[in-house]
Visitor: 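I'd like to ask some things about the structure below.
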2 protein chains.
Amino acid sequence: MTHCPTILQALRQRGYRITSQREMIIEIIAHSDRHLSAEEVFHRLREKTSASNLTTVYRTLEMLWVEGFARRNDLGEGRVVYAPLAHGPHLHLVCRSCNRVIEADHSLLAGAEHQLREHYGFQADLAHLNLFGVCQDCREG
Amino acid sequence: MTHCPTILQALRQRGYRITSQREMIIEIIAHSDRHLSAEEVFHRLREKTSASNLTTVYRTLEMLWVEGFARRNDLGEGRVVYAPLAHGPHLHLVCRSCNRVIEADHSLLAGAEHQLREHYGFQADLAHLNLFGVCQDCREG
DNA sequence: TCTCTAATTGCAAATCTTTGCAACTAAAAA
DNA sequence: TTTTTAGTTGCAAAGATTTGCAATTAGAGA
Ligand SMILES: [Mn+2]
Ligand SMILES: [Mn+2]
Ligand SMILES: [Zn+2]
Ligand SMILES: [Zn+2]
């Protein structure tokens, strides 16, 4: 029925129960080609079934993130979005002026990551970092 | 009466009006030696006067940030804190496990900042960046 | 000083998200 | 298959922050 048997199996093994709501939410996230907010996931869920509840969506997305089956990105100003793991590592350059998000190579932070580890013992997670600033268009325009 | 005449003058020149509420909020932020949440500013305000309202605190802090007279730091999970400009540039290493915040030298991102500018035309503001990860204690303990 | 006007305040209501809890149910055990 | 029980759901209520609006007021100008 589902297209994500691996995630479901893993969750079951960790003591979670697989409900139809969870299956559908996992489907939506896993096959999304872009970041989705809880609200957007909820709307897509509604198109499939009436058994959909925003509270459950919030809880399921949080759980998927905690368990390592979804990415979570806090864009600030209360904008939290989720993406599938397939959405590989990269930086988000968020323009404070036009709100556009440019995706950038995250390897340019490899040096910084190493230094943080060396000097502060801090294991930073920079694979999906958001950086705020002003994009070229907004600076020139 | 106030100890921050410069900020008040500048605000007046920009068309803002100086109310006693604003003066007190500016005092609290400008003389704070650490980051404060809106709630914390509100509590400090209450100690001074009964003429204090949480809505006004939210609006004033936002205004001070927009006008460049306060720093604003979104630590994620809805934790937004404000600091005076005197709180110089540095990184915040936020531990996802114990929630502690380590302050780190921001110059170790100078290279990355330059590359973002060169390759993406993006003028990143990295002077008060929050980086999430796991601190040494949490990794060892 | 007095008048006038647009900015500000504080309340209430609206939003967005989280939390408590009783009813329900997945799935392990009998 | 039936029983059991601990995890899950969905509602309602609580929190946190923002917004609309009428009353108030800072500060410019007469
Ligand atoms: Mn992305
Ligand atoms: Mn700091
Ligand atoms: Zn832009
Ligand atoms: Zn820690």
Side-chain angles (χ1 to χ4, degrees), chain A residues 1-2 4-5 7-28 36-43 45-46 48-67 69-70 72-82 99, chain B residues 1-2 4-5 7-26 28 35-43 45-46 48-67 69-70 72-82 99:
Chain A
M1 202 63 59
T2 177
C4 308
I7 295 180
L8 299 184
Q9 282 308 319
L11 288 176
R12 238 188 293 258
Q13 275 173 22
R14 298 183 199 182
Y16 291 96
R17 292 179 182 178
I18 307 308
T19 64
S20 61
Q21 290 95 330
R22 281 187 176 164
E23 279 196 37
M24 287 186 283
I25 293 171
I26 289 170
E27 280 291 293
I28 289 167
L36 298 176
S37 67
E39 197 77 28
E40 287 173 314
V41 171
F42 175 65
H43 284 313
L45 193 57
R46 282 226 121 158
K48 296 185 172 192
T49 174
S50 61
S52 66
N53 176 281
L54 189 52
T55 300
T56 301
V57 171
Y58 276 113
R59 283 196 277 227
T60 302
L61 291 175
E62 165 88 10
M63 181 272 283
L64 289 174
W65 174 62
V66 167
E67 294 301 329
F69 295 115
R72 170 170 162 154
N73 225 296
D74 190 333
L75 296 170
E77 332 257 307
R79 293 170 300 169
V80 177
V81 292
Y82 293 84
N99 269 314
Chain B
M1 205 63 57
T2 178
C4 309
I7 296 180
L8 299 183
Q9 283 307 321
L11 287 176
R12 239 188 292 258
Q13 275 173 21
R14 297 181 201 183
Y16 291 96
R17 290 178 183 180
I18 306 308
T19 63
S20 61
Q21 289 94 328
R22 280 186 176 165
E23 279 195 39
M24 287 186 283
I25 293 170
I26 289 169
I28 289 167
H35 299 225
L36 297 176
S37 67
E39 196 77 26
E40 287 173 313
V41 171
F42 175 65
H43 284 314
L45 192 56
R46 283 225 118 160
K48 296 186 172 192
T49 175
S50 60
S52 67
N53 177 280
L54 189 50
T55 301
T56 301
V57 171
Y58 276 113
R59 284 195 277 227
T60 302
L61 291 175
E62 163 88 10
M63 180 273 281
L64 289 174
W65 175 62
V66 167
E67 294 300 329
F69 295 116
R72 169 170 162 154
N73 225 295
D74 188 334
L75 296 170
E77 332 258 307
R79 292 170 299 169
V80 176
V81 292
Y82 293 83
N99 271 314

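Only heavy atoms go into these numbers, but all of them, side chains included; no hydrogens, no water, no symmetry mates. Convention: sequence-line order gives letters A, B, ...; per-chain numbering from 1.
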Visitor: Taking the nucleotide of DNA chain C with the nearest heavy atom to each, does Tyr58(A) or Thr60(B) sit closer to the 5' end?
Guide: Thr60(B)

Visitor: Which heavy atom of Trp65(B) sits nearest a heavy atom of Ala70(B), and at what distance?
Guide: CD1-O, 3.5 Å

Visitor: Find every protein N or O atom lying less than 3.5 Å from an N or O atom of nucleotides 26-28 of chain C, and list the pairs.
Guide:
residue : atom : partner  : partner atom : Å
dA26(C) : N3   : Arg17(A) : NH1          : 2.7
dA27(C) : OP1  : Arg12(A) : NH1          : 3.0
dA27(C) : OP1  : Ile18(A) : N            : 3.0
dA27(C) : OP2  : Arg12(A) : NH1          : 3.3

Visitor: Residues in side chain to side chain contact (heavy atoms under 4.5 Å, CB included) with Thr49(A), at least two apart?
Guide: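 Testing Thr49(A) for side chain to side chain contact (heavy atoms under 4.5 Å, CB included), a comparison that skips the adjacent residues, returns Met24(A), Leu45(A), Ala51(A).
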
Visitor: List in chain and number order the residues that pass side chain to side chain contact (heavy atoms under 4.5 Å, CB included) with Phe69(A), two or more places apart in sequence or in another chain; answer none if no residue qualifies.
Guide: Ile7(A), Ala10(A), Leu11(A), Arg14(A), Leu64(A), Glu67(A)

Visitor: Starting from C1' on dT17(D), measure out to CZ on Arg79(A) and report it in whole angstrom.
Guide: 16 Å

Visitor: Quickly work out the Leu11(B) CG to dA28(D) C1' distance and round it to whole Å.
Guide: 17 Å

Visitor: Give the rounded distance in Å between these two atoms: CG of Leu54(B) and P of dT18(D).
Guide: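 About 10 Å, once rounded to whole Å.
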
Visitor: How many Å lie between CD on Glu67(B) and C1' on dT8(C), as a whole number?
Guide: 15 Å

Visitor: Show the nearest heavy-atom pair for residues Leu61(A) and Ala38(A), with the distance to one decimal.
Guide: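 Heavy atoms only, the tightest pair is CD1-CA, 3.7 Å.
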
Visitor: Taking side chain to side chain contact (heavy atoms under 4.5 Å, CB included) as the test, write out the residues that go with Arg12(B), two or more places apart.
Guide: Leu8(B), Gln9(B), Ile18(B)

Visitor: Under the side-chain hydrogen bond (donor to acceptor under 3.5 Å, both in side chains) rule, collect the residues that match up with Asn73(B), sequence neighbours excluded.
Guide: Asn130(B)

Visitor: For Arg22(B), enumerate each residue passing the side chain to side chain contact (heavy atoms under 4.5 Å, CB included) test, keeping only those at least two apart in sequence or located in another chain.
Guide: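 Arg22(B): side chain to side chain contact (heavy atoms under 4.5 Å, CB included) contacts with Tyr16(B), Thr19(B), Thr60(B), Met63(B).
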
Visitor: In degrees, rounded to 10°, what is the bend between the two ends of the helix from dT1(C)-dA30(D) to dA30(C)-dT1(D), using five pairs at each?
Guide: 20°

Visitor: To the nearest Å, give me how far apart CD (Gln13(B)) and P (dA28(D)) are.
Guide: 11 Å

Visitor: Nearest whole angstrom, please: distance from the C1' of dT9(C) to the CZ of Arg22(B).
Guide: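 Taking atom C1' of dT9(C) as the reference, CZ of Arg22(B) is at 9 Å.
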
Visitor: Mind calculating the distance between CD (Gln21(A)) and C1' (dC11(D)) to the nearest angstrom?
Guide: 14 Å

Visitor: Mind calculating the distance between CG (Leu61(B)) and P (dA16(D)) to the nearest angstrom?
Guide: 16 Å

Visitor: Output every pair passing salt bridge (Lys or Arg N to Asp or Glu O under 4.0 Å) with a member in residues 49-65 of chain A, not counting sequence neighbours, ordered by first then second residue.
Guide: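 Matches after skipping sequence neighbours: Glu62(A)-Arg72(A).
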
Visitor: Could I get the full list of side-chain hydrogen bond (donor to acceptor under 3.5 Å, both in side chains) partners for Arg79(B), not counting sequence neighbours?
Guide: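 Partners of Arg79(B) under the side-chain hydrogen bond (donor to acceptor under 3.5 Å, both in side chains) test: Asn99(B).
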
Visitor: Can you see which heavy atom on Thr56(B) is nearest to which on Gln21(B), and at what distance?
Guide: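 Heavy atoms of Thr56(B) and Gln21(B) come nearest at CG2-CB, 4.3 Å.
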
Visitor: Could you write out each protein N or O paired with an N or O of nucleotides 21-24 of chain C at a distance under 3.5 Å?
Guide:
none

Visitor: Please name all residues satisfying salt bridge (Lys or Arg N to Asp or Glu O under 4.0 Å) with Glu39(A), sequence neighbours left out, ordered by chain then number.
Guide: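 For Glu39(A) there are no salt bridge (Lys or Arg N to Asp or Glu O under 4.0 Å) partners, ignoring immediate neighbours.
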
Visitor: Thr55(A) has a side chain; which of dA16(D), dT17(C), dG10(D) sits nearest to it?
Guide: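 Minimum distance to the Thr55(A) side chain belongs to dG10(D).
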
